[in-house]
2 protein chains.
Amino acid sequence: MPKDRSPTRIQKKNRAAILEAALEVFSAHGFRGATVDQIATQAGLSKPNLLYYFPSKEAMFTALLSELLDTWLDPMREIDAAGDPLEEILAYVQRKLQMSRDFPRESRLFANEIVQGAPRMLDALSRDLRDLLEEKEQILAGWMAAGKINQTHPKHLVFSIWALTQHYADFDVQVRMLMGDEDPFDAAPEFLETLYRRMLTPKS
Amino acid sequence: MPKDRSPTRIQKKNRAAILEAALEVFSAHGFRGATVDQIATQAGLSKPNLLYYFPSKEAMFTALLSELLDTWLDPMREIDAAGDPLEEILAYVQRKLQMSRDFPRESRLFANEIVQGAPRMLDALSRDLRDLLEEKEQILAGWMAAGKINQTHPKHLVFSIWALTQHYADFDVQVRMLMGDEDPFDAAPEFLETLYRRMLTPKS
DNA sequence: GATGGATTTGACCAACTGGTCAAACTCACG
DNA sequence: CGTGAGTTTGACCAGTTGGTCAAATCCATC
């Protein structure tokens with residue numbers, strides 16, 4: 001294992017290559033389904049070399065998670081209590097959808113883990129996600145109480161945004177199989193905008 | 001492997017026990033993450049005995065899939081072109097939500113497989129699901145053209161129903177972690193009814 | 001209650017997997 | 001350049017896993 005002094009040029013390059021390869025392999029096969037050898041091959045390194053940089057397969061996984069979770073939650077952090085309620089929500093939906101388009105592997109990494117009970121992620125989630133959701137839930141509830149958007153269950157509203165946007169990344173093969181030539185992401189932005197606009201625009 | 005004559009009492013019982021155990025284990029760990037030994041223990045049988053009834057782990061998985069897929073698609077088959085459009089869709093949403101509540105393991109089994117690219121399921125899906133979706137899509141498009149429900153992308157509408165309802169089964173641990181004591185399925189039916197009613201009720 | 005097919009299993013195997021280690025190699029720096 | 005820390009790897013190991021097989025046991029039928 002490399003010393004934890006300031007990382008050398010080589011350390012930086014190899015750690016990055018390993019995490020990139022780990023993302024590729026873990027997101028495609030899940031933790032159990034991925035092998036260290038697969039990751040090594042993908043990274044262009046030998047297996048013992050990987051284990052020189054990370055003490056174990058599990059350490060690669062958790063390092064990857066903690067690196068990604070922050071970025072993953074950023075779109076939600078941007079929801080601004082001072083902004084226009086409906087537009088804030090619609091913009092969040094579009095940011096989240098864009099994440100599914102640009103980072104499908106990250107989405108599938110989380111999906112894989114959560115579907116299987118999130119045994120290696122629940123701690124991180126309850127640490128980072130719980131408070132964030134609570135905060136934004138307050139904002140949504142405030143907007144509803146003020147009549148700025150239609151009344152509905154704030155938590156379920158957030159879940160629905162997650163479900164609808166991540167579906168395009170997590171179930172990509174199914175969606176593409178059923179859509180044939182058409183790119184799902186062509187119509188998705190408008191579909192979701194319409195859905196949430198109709199759902200949330202208060203009856204004047 | 002038992003003869004494929006009419007199955008004996010014991011064959012019926014053991015095949016059922018194995019498939020039930022396989023559902024439990026595959027849905028929790030995915031195909032690669034599940035071991036034959038786990039399934040055997042869960043079924044109360046020995047490992048060689050499992051392999052007497054199914055030639056391989058893969059055979060157990062595909063047998064399970066083909067047994068479940070039909071039931072899984074039933075709620076969609078019930079959509080009736082002759083019924084009241086909005087009520088037909090709302091009823092479908094509720095049926096699908098009920099499936100997530102009553103059969104979360106089945107939902108997670110499919111989710112696990114599809115997230116990983118559905119290597120063992122894509123054939124079955126494109127055989128059974130493609131035509132069914134196309135048929136119901138026509139019905140939805142007809143309703144929209146007739147002004148019975150609001151205009152929107154029919155395929156994305158169906159995807160949204162799948163995403164929203166299955167989310168409660170597939171991401172169960174996350175949802176429950178964030179909802180604390182409250183049972184997600186208490187408010188979900190009303191939330192989804194409201195969502196689709198607002199989205200689809202045509203502007204009079 | 002005998003008998004032959006159906007069922008069950010302990011022992012086993014080869015392949016795979018995560019991880020170790022000592023030896024070899026590379027590279028920044030004086 | 002020499003040198004020592006940083007990096008890489010071939011060989012290896014122990015545990016796990018899917019699957020086999022011959023022998024043992026069970027059970028429906030006559």
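Each chain gets a letter, A, B and so on, in the order the sequences are listed, and its residues count up from 1.
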With a 4.0 Å limit, can you tell me whether [X] has a side-chain N or O closer than that to the phosphate oxygens OP1/OP2 of [N]?
{"X": "B/Tyr52", "N": "C/dT8", "result": "no"}
{"X": "B/Arg32", "N": "C/dC16", "result": "no"}
{"X": "A/Asn49", "N": "D/dT9", "result": "yes"}
{"X": "B/Tyr53", "N": "C/dA6", "result": "no"}
{"X": "A/Asn14", "N": "D/dT8", "result": "yes"}
{"X": "B/Gln11", "N": "C/dT7", "result": "yes"}

Given atom [atom1] of [X] and atom [atom2] of [N], what is their separation to the nearest angstrom?
{"X": "B/Lys13", "N": "D/dC27", "atom1": "NZ", "atom2": "C1'", "answer": "12 Å"}
{"X": "B/Lys12", "N": "C/dA6", "atom1": "NZ", "atom2": "P", "answer": "16 Å"}
{"X": "B/Ile18", "N": "D/dG19", "atom1": "CD1", "atom2": "C1'", "answer": "15 Å"}
{"X": "A/Leu51", "N": "D/dC13", "atom1": "CG", "atom2": "C1'", "answer": "14 Å"}
{"X": "B/His29", "N": "D/dG18", "atom1": "NE2", "atom2": "P", "answer": "12 Å"}
{"X": "B/Leu50", "N": "D/dT17", "atom1": "CG", "atom2": "P", "answer": "14 Å"}

Using the salt bridge (Lys or Arg N to Asp or Glu O under 4.0 Å) rule, collect all pairs that involve [range], keeping only residues at least two apart or in two chains.
{"range": "residues 184-200 of chain A", "answer": "A/Glu87-A/Arg197, A/Glu193-A/Arg197"}
{"range": "residues 106-125 of chain A", "answer": "A/Glu113-A/Arg120"}
{"range": "residues 95-104 of chain B", "answer": "B/Glu78-B/Arg95"}

With a 4.0 Å cut-off, would you call A/Arg77 and A/Asp128 a salt bridge?
->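 No, no charged N to carboxylate O under 4.0 Å.
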Determine the minimum heavy-atom distance between A/Pro154 and A/Glu137, stating which atoms define it.
->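 Looking at all heavy atoms of both residues, the shortest contact is CB-CG, 3.7 Å.
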Measure from the side chain of B/Lys57, starting at C-beta and using heavy atoms only, and say which of D/dG19, C/dT8, D/dT7 lies closest.
->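 Of D/dG19, C/dT8, D/dT7, D/dG19 is nearest to the side chain of B/Lys57.
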Write out all pairs satisfying ring-ring contact (aromatic ring centres under 6.0 Å, His included) with one or both partners inside residues 102-125 of chain A, taking only residues at least two apart or from two chains.
->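 Sorted result for residues 102-125 of chain A: A/Trp72-A/Phe110.
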Is there any ring-ring contact (aromatic ring centres under 6.0 Å, His included) pair reaching into residues 9-38 of chain B, and which pairs are they, with sequence neighbours excluded?
->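 Qualifying pairs: B/Phe26-B/Phe31, B/Phe26-B/Phe61, B/Phe31-B/Phe61.
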Can you give me the N/O atom pairs linking the protein to nucleotides 23-29 of chain C at distances under 3.5 Å, or say none if there are none?
residue: C/dA28; atom: OP1; partner: A/Arg9; partner atom: NH2; Å: 2.6

Roughly how far, to the nearest 0.5 Å, is the CG atom of B/Leu69 from the OG1 atom of B/Thr62?
->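 So the OG1 of B/Thr62 and the CG of B/Leu69 are separated by 12.5 Å.
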Of all residues at least two apart in sequence or in a different chain, which pass the side chain to side chain donor-acceptor pair (under 3.5 Å) check with [X]?
{"X": "B/Arg130", "answer": "none"}
{"X": "B/Ser107", "answer": "B/Asp170"}
{"X": "B/Glu88", "answer": "none"}
{"X": "B/Asn150", "answer": "none"}

Members of residues 59-67 of chain A that approach DNA chain D, where some heavy atom sits under 4.0 Å away =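 The stretch gives none, as no residue of it lies under 4.0 Å from the strand.
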Positions of residues 35-48 of chain A (non-hydrogen atom under 4.0 Å from DNA chain C), listed by number =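 Listed by number, they are A/Thr35, A/Val36, A/Lys47, A/Pro48.
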